[in-house]
Amino acid sequence: MATSENQPKKKLIEPRTLKGFRDFLPEAMIPRERLIERVTKTYRNYGFCPIDTPVLEYLEILLGKGSDETDKQLYRFKDSGGREVGMRFDLTVPFARFSAQHLAEIGQPFKRYHLAKVWRGENTQAGRYREFMQCDFDTIGTTSVFSDVETAMVINDVVERVDLRTEDSFTKFKIHVNSRKILNGALEKIGLSDRSTAVLRALDKLAKIGADRVVEEMKETASATEEQARSILAVATAEGSNEAALARIEKLLEGSELGLEGVADLRQILDSTASAGIPKERFVVDVSIARGLDYYTGTIFETFLDEIPQLGSICSGGRYDNLAELYTKQKLPGIGASLGLDRLFAGLEELGMVEKTATTVDVFIPMFDASLATRYVTLAAGLRRKGIGVELYPEAKKLGQQLKYADKKGFKVALVIGLDESARDVVNLKDLRSGGQLEVSAEIESLASKIHSVLSDGLDPQ
RNA sequence: GUGGGAGUAGCUCAGUUGGAUAGAGCAUCGGAUUGUGGCUCCGAAGGUCGAGGGUUCGAGUCUCUUCUCCCACCCCA
């Protein structure tokens with residue numbers, strides 16, 4: 001190999017990232033972290049506990065758990081010890097393994113959340129990447145419908161808090177609810193139970209491609225008759241209010257114990273969430289949502305933003321009978337959901353709900369005069385002890401340049417201290433948003449409270 | 001994986017029938033301005049024209065191969 005000293009010109013390595021993989025600059029990462037914080041806080045608010053699992057799993061743990069598609073998308077390789085390994089493509093499969101492995105320690109019921117990156121080697125598209133973050137929460141070890149109710153409430157709470165500009169509730173979204181029991185009851189009644197996957201996959205596309213093409217697809221992929229397909233659609237397209245839709249479905253499913261159970265579950269979810277104060281119109285009974293994955297057996301959720309439904313579901317989940325059947329004989333029923341952070345973030349940006357900032361603190365101290373450096377360091381430390389984040393500029397450049405830097409980064413106030421101020425033991429407190437400034441005492445206690453008031457009320461320009 | 005589109009400065013793009021040293025705006029850095037940011041003016045830096053081959057006196061431009069990215073399908077968050 002030729003060394004660089006032997007070459008007339010050093011060949012630079014092109015800095016680049018893999019397709020579907022991204023860097024996050026501060027102005028993207030700061031709001032992203034804020035969103036993550038809010039999601040975490042909401043999950044914890046319900047008693048969900050954090051866990052983590054390895055990025056790599058033995059290949060046999062991951063293979064054949066989703067569809068053939070997920071097998072194809074799996075990042076897999078041999079490690080240096082010759083072991084067949086793969087990178088997790090979701091958080092549910094690792095959780096299933098985790099539950100089976102630690103069941104004795106975690107007990108039941110068990111509620112966990114897990115925010116982590118997952119990897120899928122599929123083709124990229126707008127809002128779809130090969131490395132992306134999922135924010136899962138699950139409750140296992142109980143079949144109680146009140147876990148379904150709680151799951152619905154968590155989804156609602158978490159999406160209500162996505163407006164990163166404010167603390168106010170975001171309301172322009174709908175949670176679509178369905179139950180596999182209703183679908184399976186209907187399939188049972190018309191004798192299509194053995195082809196449920198294909199039928200449901202077709203049904204899932206209803207909103208996208210319309211009734212006629214769904215029927216066509218069912219005939220093709222599930223070899224359903226026209227009559228069978230139409231009768232599934234009759235259940236799936238029950239319209240009107242949630243109550244009216246459920247009443248109609250109840251009629252259509254008469255005699256199907258399973259189907260009626262599904263109707264009862266949905267009624268309970270709607271009733272309980274309404275009593276808990278969640279607006280009724282937030283939920284939409286929608287029998288056409290089916291979810292791709294096969295392991296759902298009961299309630300299903302999908303969440304859409306009112307203004308960009310074409311973005312797809314930003315938070316989806318459902319109930320399953322047996323999470324870890326491939327790893328343990330112990331039956332583990334549960335329910336959970338997953339927030340697609342990157343897709344949601346793409347949506348929030350489109351809706352202008354992401355405030356751009358490149359700083360993590362509000363207060364900026366320019367190094368006005370090099371001889372006062374220690375003075376600045378001390379002042380900054382004092383304010384930080386008071387819980388006020390401060391950035392001190394590291395070089396004694398021209399004041400104008402330092403303020404320009406502060407302005408560009410989005411600091412809200414600057415504390416300007418030159419020889420004059422220092423001698424009189426005062427601080428020139430400048431509101432960078434309005435341009436107004438005020439001379440205040442440099443005493444930490446009063447300075448801190450003054451900063452607080454300027455941060456919340458601003459300072460009039462003079 | 002299938003189909004379509006596009007690759008020129010960090011970003012958005014211009015570049016005529018093939019012609020000499022490849023340009024602009026924004027962004028970056030510096031100066032005008034050694035006690036005050038956003039506006040203005042001036043300047044600097046920044047390019048293997050995605051890569052490799054071919055045609056030609058001459059290629060950013062034509063041609064072939066290849067790579068990458070974007071869009072749609074499939075599937076999904």
Side-chain angles (χ1 to χ4, degrees), chain A residues 9-12 14-23 25 27 66-74 89-92 115-136 197 201-202 204-205 208-209 217 221 289-294 301-305 310-317 337-347 358 364-370 372 393 396-422 428-437 439 461-462:
Chain A
K9 269 184 193 164
K10 195 155 79 179
K11 174 109 180 170
L12 293 176
E14 190 198 346
R16 54 186 185 147
T17 48
L18 288 164
K19 175 180 178 154
F21 290 70
R22 299 165 295 162
D23 286 329
L25 272 63
E27 64 175 47
S67 52
D68 297 346
E69 282 299 321
T70 49
D71 284 2
K72 268 193 266 168
Q73 295 170 358
L74 193 67
F89 61 87
D90 72 7
L91 299 176
T92 305
L115 275 59
K117 282 181 171 176
V118 301
W119 293 267
R120 292 183 196 174
E122 67 176 333
N123 258 335
T124 55
Q125 243 175 70
R128 291 172 60 175
Y129 309 95
R130 288 182 172 171
E131 178 183 61
F132 57 98
M133 184 171 260
Q134 289 195 326
C135 308
D136 278 34
T197 307
R201 196 156 286 167
D204 204 41
K205 293 176 193 160
K208 221 173 176 179
I209 63 177
E217 184 167 333
T221 63
I289 60 161
R291 304 286 298 125
L293 295 171
D294 300 335
F301 299 102
E302 299 225 325
T303 312
F304 299 93
L305 300 178
Q310 70 279 10
L311 185 69
S313 173
I314 50 148
C315 186
S316 314
S338 180
L339 178 82
L341 193 93
D342 297 277
R343 178 179 285 187
L344 170 61
F345 209 84
F364 178 76
I365 301 182
M367 187 171 289
F368 194 170
D369 192 301
L372 295 173
Y393 199 81
K397 273 209 254 186
K398 278 193 288 192
L399 185 61
Q401 282 175 23
Q402 298 191 50
L403 289 176
K404 194 169 175 174
Y405 166 89
D407 181 52
K408 199 177 57 189
K409 288 285 165 79
F411 287 92
K412 296 197 174 86
V413 306
L415 305 180
V416 182
I417 305 159
L419 289 167
D420 173 43
E421 286 84 358
S422 179
N428 194 345
L429 176 57
K430 184 178 176 76
D431 184 341
L432 290 167
R433 295 162 297 185
S434 68
Q437 46 188 335
E439 204 167 86
Q462 286 139 2

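Letters go in sequence order (proteins before strands), and every chain restarts at 1.
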Q: Is any N or O donor-acceptor pair between the side chain of A:Arg120 and the base of B:rC75 shorter than 3.5 Å?
A: no
Q: More 5' along RNA chain B: A:Ile314 or A:Arg433, using each one's nearest nucleotide?
A: A:Arg433
Q: Can you tell me, in whole Å, how much space there is between the P of B:rA45 and that of B:rG31?
A: 16 Å
Q: For the residue pair A:Phe364 and A:Tyr405, does the interplanar ring angle fall in the parallel (under 30°), tilted (30 to 60°) or perpendicular (over 60°) class?
A: tilted
Q: Report the distance from atom CZ of A:Phe89 to atom C1' of B:rC75, rounded to the nearest whole Å.
A: 13 Å
Q: Would you jot down, in residue-number order, the residues of residues 399-408 of chain A having a non-hydrogen atom under 4.0 Å from RNA chain B?
A: A:Leu399, A:Gly400, A:Gln401, A:Leu403, A:Lys404, A:Asp407, A:Lys408
Q: How far does CD1 of A:Ile365 sit from CD of A:Gln402, to the nearest 0.5 angstrom?
A: 11.0 Å
Q: Does any nucleotide pair with B:rG7 by Watson-Crick or G-U wobble geometry, both distances under 3.5 Å, and what is it?
A: B:rC67
Q: Any non-hydrogen side-chain atom of A:Leu432 less than 4.5 Å from a side-chain atom of A:Phe411?
A: yes
Q: Under 4.0 Å, heavy atoms only, any strand: does A:Asp431 hit a base, just the sugar-phosphate, or nothing?
A: base
Q: What's the verdict on side-chain contact (heavy atoms from CB on, under 4.5 Å) for A:Phe368 and A:Leu399, showing C-alpha distance, side-chain angles and the deciding distance?
A: CA-CA 6 Å; A:Phe368 194 170; A:Leu399 185 61; 3.8 Å; yes
Q: Please identify each residue that fulfils side chain to side chain contact (heavy atoms under 4.5 Å, CB included) with A:Asn428, with sequence neighbours left out.
A: A:Val416, A:Glu421, A:Gln437
Q: Taking only the side-chain nitrogens and oxygens of A:Lys398, find out if one of them lies under 4.0 Å from OP1 or OP2 of B:rG30.
A: no
Q: Select base, sugar-phosphate, or nothing to describe what A:Asn428 touches, counting heavy atoms under 4.0 Å on all strands.
A: base
Q: Partners of A:Ala358 by side chain to side chain contact (heavy atoms under 4.5 Å, CB included), sequence neighbours excluded?
A: A:Lys409
Q: Restricting to side-chain hydrogen bond (donor to acceptor under 3.5 Å, both in side chains), what partner residues turn up for A:Glu217, sequence neighbours left out?
A: A:Lys205
Q: Categorize A:Lys205 for me: base, sugar-phosphate, or nothing, with a 4.0 angstrom heavy-atom threshold over every strand shown.
A: sugar-phosphate
Q: Out of B:rG35, B:rC76, B:rU36, which nucleotide sits closest to the side chain of A:Arg343?
A: B:rC76
Q: CD1 of A:Ile289 versus P of B:rC75: gap in Å, rounded?
A: 17 Å
Q: Which residues pass the side-chain hydrogen bond (donor to acceptor under 3.5 Å, both in side chains) test with A:Glu439, not counting sequence neighbours?
A: A:Arg424
Q: Using the P atom on both, measure B:rG7 against B:rU61 and round to a whole Å.
A: 12 Å
Q: In whole angstrom, give the distance that lies between atom CD of A:Gln73 and atom P of B:rA77.
A: 10 Å
Q: Suppose we define a pair by two distances each less than 3.5 Å, Watson-Crick or G-U wobble; what does B:rU21 pair with here?
A: none
Q: Rounding to a whole Å, what distance do you find between A:Phe368:CZ and B:rU36:P?
A: 8 Å
Q: Please pick, from B:rG37, B:rU36, B:rG35, the nucleotide with the shortest atom-to-atom distance to any side-chain atom of A:Leu432.
A: B:rG37
Q: Say you pick atom C1' in B:rC57 and the same atom in B:rA9; how far apart are they, in whole Å?
A: 30 Å
Q: Under the rule for ring-ring contact (aromatic ring centres under 6.0 Å, His included), what residues qualify as partners of A:Phe345, not counting sequence neighbours?
A: none
Q: Using a heavy-atom cut-off of under 4.0 Å over every strand shown, decide if A:Asp420 touches base, sugar-phosphate, or nothing.
A: base
Q: Report the distance from atom CG of A:Leu74 to atom P of B:rC76, rounded to the nearest whole Å.
A: 16 Å
Q: In the strands shown, is B:rG1 matched to any nucleotide by a Watson-Crick or G-U wobble pair with both distances under 3.5 Å, and which?
A: B:rC73
Q: Please give, in whole Å, the distance from B:rG37 P to A:Leu415 CG?
A: 17 Å
Q: Rounded to the nearest 0.5 Å, what's the gap from CG on A:Leu341 to CD1 on A:Ile314? Could you check?
A: 10.0 Å
Q: With sequence neighbours left out, what residues match A:Asp369 under side-chain hydrogen bond (donor to acceptor under 3.5 Å, both in side chains)?
A: A:Ser371
Q: Which base sits across from B:rC49 as a Watson-Crick or G-U pair, both distances under 3.5 Å?
A: none
Q: Is B:rA14 paired to anything, Watson-Crick or G-U wobble with both distances less than 3.5 Å, and if yes, which nucleotide?
A: none
Q: Paired with B:rC41: which nucleotide, if any, by Watson-Crick or G-U wobble criteria at under 3.5 Å for both distances?
A: B:rG31
Q: In whole Å, measure the gap between the C1' atoms of B:rC64 and B:rA72 for me.
A: 28 Å
Q: Show the distances under 3.5 angstrom between N or O atoms of the protein and N or O atoms of nucleotides 41-45 of chain B.
A:
none

Q: B:rG58 pairs with which nucleotide, Watson-Crick or G-U wobble, both distances below 3.5 Å?
A: none
Q: Considering only nitrogen or oxygen atoms on both sides, find all protein atoms under 3.5 Å from nucleotides 9-12 of chain B and state each distance.
A:
none

Q: Quantified in whole Å, what is the P atom distance between nucleotide B:rU8 and nucleotide B:rG50?
A: 6 Å
Q: On the nucleotide B:rU36, are OP1 or OP2 found under 4.0 Å from the side-chain N or O atoms that A:Lys430 carries?
A: no
Q: Just compare B:rG37, B:rA32, B:rA77 and give me whichever is closest to any side-chain atom of A:Phe132.
A: B:rA77
Q: Assuming nearest nucleotide by heavy-atom distance, tell me which of A:Asp342 and A:Leu18 is located more 5' along RNA chain B.
A: A:Leu18
Q: For A:Glu131, give me all partners under side chain to side chain contact (heavy atoms under 4.5 Å, CB included), at least two apart in sequence or on another chain.
A: A:Phe21, A:Lys117, A:Trp119
Q: Can you list the residues that meet the side-chain hydrogen bond (donor to acceptor under 3.5 Å, both in side chains) rule with A:Lys398, with sequence neighbours excluded?
A: none
Q: Suppose you measure atom P in B:rG10 against the same atom in B:rA51; what distance do you get, rounded to whole Å?
A: 13 Å
Q: Using a 4.0 Å heavy-atom cut-off across all strands, classify A:Lys397 as base, sugar-phosphate, or nothing.
A: sugar-phosphate
Q: For A:Phe304, which residues count as a ring-ring contact (aromatic ring centres under 6.0 Å, His included) partner, sequence neighbours excluded?
A: A:His176
Q: Roughly how many Å is it from CG in A:Leu429 to C1' in B:rU36, rounded to a whole number?
A: 14 Å
Q: Compute both the distance and the angle, then confirm whether A:Arg120 meets the cation-pi test with A:Phe132: under 6.0 Å from the six-membered ring centre, within 45 degrees of the axis.
A: no
Q: Just the rounded figure in Å: distance from C1' of B:rG1 to CZ of A:Arg130.
A: 12 Å
Q: Please report the distance separating the P of B:rC74 from the corresponding atom of B:rG47, rounded so that it comes out in whole Å.
A: 43 Å
Q: Write down the distance separating the C1' atoms in B:rU17 and B:rG60, rounded off to the nearest Å.
A: 16 Å
